[in-house]
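See structure below.
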Amino acid sequence: MFKISSKEKKGLSFVELQNSSKTTKAKICLEQGARVVSLKFKDKFIIEDYSDFDYKESYASSILFPFASRIKEGKYIFEGNDYQFETNDGNNALHGLVYNKKFELFEPEEHKDNCSATFNYYEKNESKGFPFTYFLSVTYILFEDRLKVRVTVKNTDTKSFPFTLGWHPYFNSTDLKNSYLSFNSDQKVEFDKSLITKKVIEQKSPEIFKIEEQQLDDCFILKDDIVSFTTPTYKIDITADSEQNFLQLYTPKGKDIIAIEPMTGISDTFNNKIGLQVLEANKTYVLNWNLKFSAD
């Protein structure tokens, strides 16, 4: 039987989903945008929190909405109106508005072969850069060897709004240099020095994308919905059911971890429109990410 429990630590609230033997477990923090703080399958931690890697800087496992990555100077135009986000990455706006919001636990369910918990956030105050109200819900369903993440966005406003979605998990490796990815792409995003999209270039990714000594902060336009990450001790497959799929990869210096970020848009999407979606008043959008684990 899978179980769900709640804990408090250092002023933060956590919900833990786990199997009966506690070998498969997910830990979610309510005050940090309902992010996955840690995740293990069959006693292998594939996501962990690091004391020397501050969440305020890493955005580790955060849900990114209403935009992922950066908005140049925080400025954009939508339906003829000018908007200005607060900037939090030099002159640019980074990673949306919900990564530091407190979510509420709703409808935890325990079953024999899985358990699930839903976390809700209601935005009732119109911000300067995004003067719209919305409801955002994140559901985590934990199985013995996979995690399903369902994000639901409802426009509760009287006006349409633009958006993209992203997820920012970092994955462990016992030997990152000898780990590799597999994904299908023949287009890459070219950035300027501030990681704002300049253009999309033609560049086919290799069948085996070796990490080796690369310092990655790269974005790819995917031709399908699957990304695989293989390490010396485990493999994961990440799939999505969005119509367009984009992949951001980032390797922080000096750590055997890699951010593998599925997104529905790219850097500065609110201006270049690549992957940008519009949600009409009272309409709902649902996106599912699935993470499948395997090991020898």
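This chain uses plain numbering: 1 for the first residue, then up along the sequence.
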Count the heavy atoms belonging to other residues, nucleotides or ligands that lie under 6.0 Å from OH of Y50, then report whether that count exceeds 12. yes

Is there side-chain contact between L247 and S185, with at least one heavy-atom pair below 4.5 Å? no

Between F270 and F78, is the ring centroid distance below 6.0 Å? no

At what distance, to the nearest 0.5 angstrom, does CD1 of I28 lie from CD of E16? 8.5 Å

Examine distances only and state if a side-chain atom of K101 and a backbone atom of Y122 form a donor-acceptor pair shorter than 3.5 Å. no

Partners passing side-chain hydrogen bond (donor to acceptor under 3.5 Å, both in side chains) against N184 (at least two apart in sequence or in another chain): none

When clusters are formed by joining ILVMFWY residues with side-chain heavy atoms under 4.5 Å apart, either directly or through shared neighbours, do I46 and F143 land in the same one? no

Is the distance between the ring centroids of F132 and F161 under 6.0 Å? yes

Do side-chain atoms of S62 reach the backbone of H168 as a donor and acceptor pair under 3.5 angstrom? no

Starting from the C-alpha separation in whole Å, work towards a yes-or-no answer on side chain to side chain contact (heavy atoms under 4.5 Å, CB included) for K188 and E190. CA-CA 6 Å; K188 184 180 178 181; E190 187 174 291; over 6 Å; no

Does one hydrophobic cluster hold both I258 and Y170, with members joined at side-chain heavy-atom distances below 4.5 Å? no

Spell out, as yes or no, whether a donor-acceptor pair under 3.5 Å connects the side chain of Q84 to the backbone of E73. yes

Strictly by modelled atom types, are N92 and D89 linked by a side-chain donor-acceptor pair under 3.5 Å? no

Report the C-alpha separation of K253 and Q215 in whole Å, then their side-chain angles, then the decisive distance to 0.1 Å, and conclude whether the side chain to side chain contact (heavy atoms under 4.5 Å, CB included) test is met. CA-CA 7 Å; K253 291 181 180 180; Q215 188 68 46; 3.5 Å; yes

Nearest 0.5 angstrom please: H95 NE2 to N100 CG, how far? 12.5 Å

Around E110, counting heavy atoms of other residues, nucleotides and ligands shown, do more than 12 lie under 6.0 Å from its CD? yes

Is there side-chain contact between F2 and E144, with heavy atoms separated by less than 4.5 Å? yes

Considering residues, nucleotides and ligands other than D113, do more than 12 of their heavy atoms fall under 6.0 Å from its CG? yes

State, without any angle test, whether S173 and S179 hold a side-chain donor-acceptor pair at a distance under 3.5 Å. yes

Would you say the side-chain atoms of Y55 pair up with the backbone N or O of Y99, donor to acceptor, closer than 3.5 Å? yes

Distance-minimising heavy-atom pair for A117 and L17: N-CD2, 4.0 Å

Run the side chain to side chain contact (heavy atoms under 4.5 Å, CB included) check on Y250 and Y59 step by step: do they pass? CA-CA 12 Å; Y250 170 60; Y59 299 89; over 6 Å; no

Could you check if a side-chain atom of Q214 sits within less than 4.5 angstrom of a side-chain atom of T251, using non-hydrogen atoms only? no

Among the clusters formed by ILVMFWY side chains lying less than 4.5 Å apart, do L64 and L147 turn up in the same one? no

Any side-chain donor near an acceptor of the partner, S13 and E8, under 3.5 Å: yes

Just by distance, do the side chain of T164 and the backbone of A68 share a donor-acceptor pair under 3.5 Å? yes

Group every Ile, Leu, Val, Met, Phe, Trp and Tyr by side-chain heavy-atom contacts under 4.5 Å, then state whether Y234 and L181 land in the same group. yes

Taking 4.0 angstrom as the limit, do K159 and D157 come out as a salt bridge? yes

Just jot down the side-chain hydrogen bond (donor to acceptor under 3.5 Å, both in side chains) partners of Y180, sequence neighbours excluded, or say none. none

Using modelled atom types and a 3.5 Å cut-off, is there a donor and acceptor pairing between side-chain atoms of S160 and backbone atoms of V278? no

Would you check if there is a donor-acceptor pair between the side chains of T23 and D43 at a distance under 3.5 Å? no

Between the side chain of T197 and the main-chain N/O of V189, is any donor-acceptor distance below 3.5 Å? no

Pairwise side-chain contact, Q187 with E202, heavy-atom cut-off 4.5 Å (strictly under): yes

Report the C-alpha separation of D268 and F191 in whole Å, then their side-chain angles, then the decisive distance to 0.1 Å, and conclude whether the side chain to side chain contact (heavy atoms under 4.5 Å, CB included) test is met. CA-CA 10 Å; D268 209 27; F191 294 134; over 6 Å; no

Verify, without hydrogens or angle tests, whether S267 (side chain) and S69 (backbone) share a donor-acceptor contact under 3.5 angstrom. no

Side-chain donor/acceptor of T156 to backbone N/O of T133, under 3.5 Å: yes

Contact summary for F103 and V98, nearest pair of heavy atoms: CE1-O, 3.9 Å

Table please: side-chain donor-acceptor pairs of residues 237-244 below 3.5 Å, with sequence neighbours left out.
unit_1	atom_1	unit_2	atom_2	d
D237	OD1	S228	OG	2.5
D241	OD1	N288	N	2.9
D241	OD2	N288	ND2	2.9
S242	OG	Q244	O	3.1
S242	OG	N245	OD1	2.5

Considering residues, nucleotides and ligands other than K204, do more than 12 of their heavy atoms fall under 6.0 Å from its NZ? yes

Determine, using ring centers only, whether F163 and Y285 are less than 6.0 Å apart. yes

Side chains of F246 and T269 in contact at under 4.5 Å (non-hydrogen atoms): no

Would you mind reporting whether Y134 and L279 have side-chain heavy atoms less than 4.5 Å apart? no

To the nearest 0.5 angstrom, please state how far the CG atom of L222 sits from the CZ atom of F183. 7.0 Å

E123 side chain near F130 side chain, heavy-atom distance below 4.5 Å: no

With the threshold set at 4.0 Å, does a side-chain nitrogen-carboxylate oxygen contact exist between R70 and D192? no

V36 and L39 have their tightest heavy-atom pair at CG1-CB, 4.1 Å

May I ask you to say whether K292 pairs ionically with D145, meaning some side-chain N is under 4.0 Å from a carboxylate O? yes

Steps toward ring pair (Phe, Tyr, Trp, His ring centres under 6.0 Å) verdict (F67, Y76): CA-CA 12 Å; F67 63 92; Y76 69 100; 8.3 Å; no

More than 12 foreign heavy atoms under 6.0 Å from NZ of K72: is that the case here? no

Would one find more than 12 heavy atoms of other residues, nucleotides or ligands at under 6.0 Å from atom NZ of K177? no

Quick one: are K7 and K9 in side-chain contact, heavy atoms under 4.5 Å? no

Rounded to the nearest 0.5 Å, how far does NZ of K75 lie from CG of N271? 10.5 Å

Using the ring of each side chain (for Trp, its six-membered ring), is F229 parallel, tilted or perpendicular to F171, with breaks at 30° and 60°? tilted

Quiz item: cation-pi between K27 and F14, 6.0 Å / 45°: yes

Main-chain N/O of I196 paired to S194 side chain as donor or acceptor, under 3.5 Å: no

Tell me which one of T152, T139, V138 satisfies side-chain contact (heavy atoms from CB on, under 4.5 Å) with T118. T139

In this structure, would L249 and L291 fall into the same cluster of hydrophobic residues linked by side-chain contacts under 4.5 Å? yes

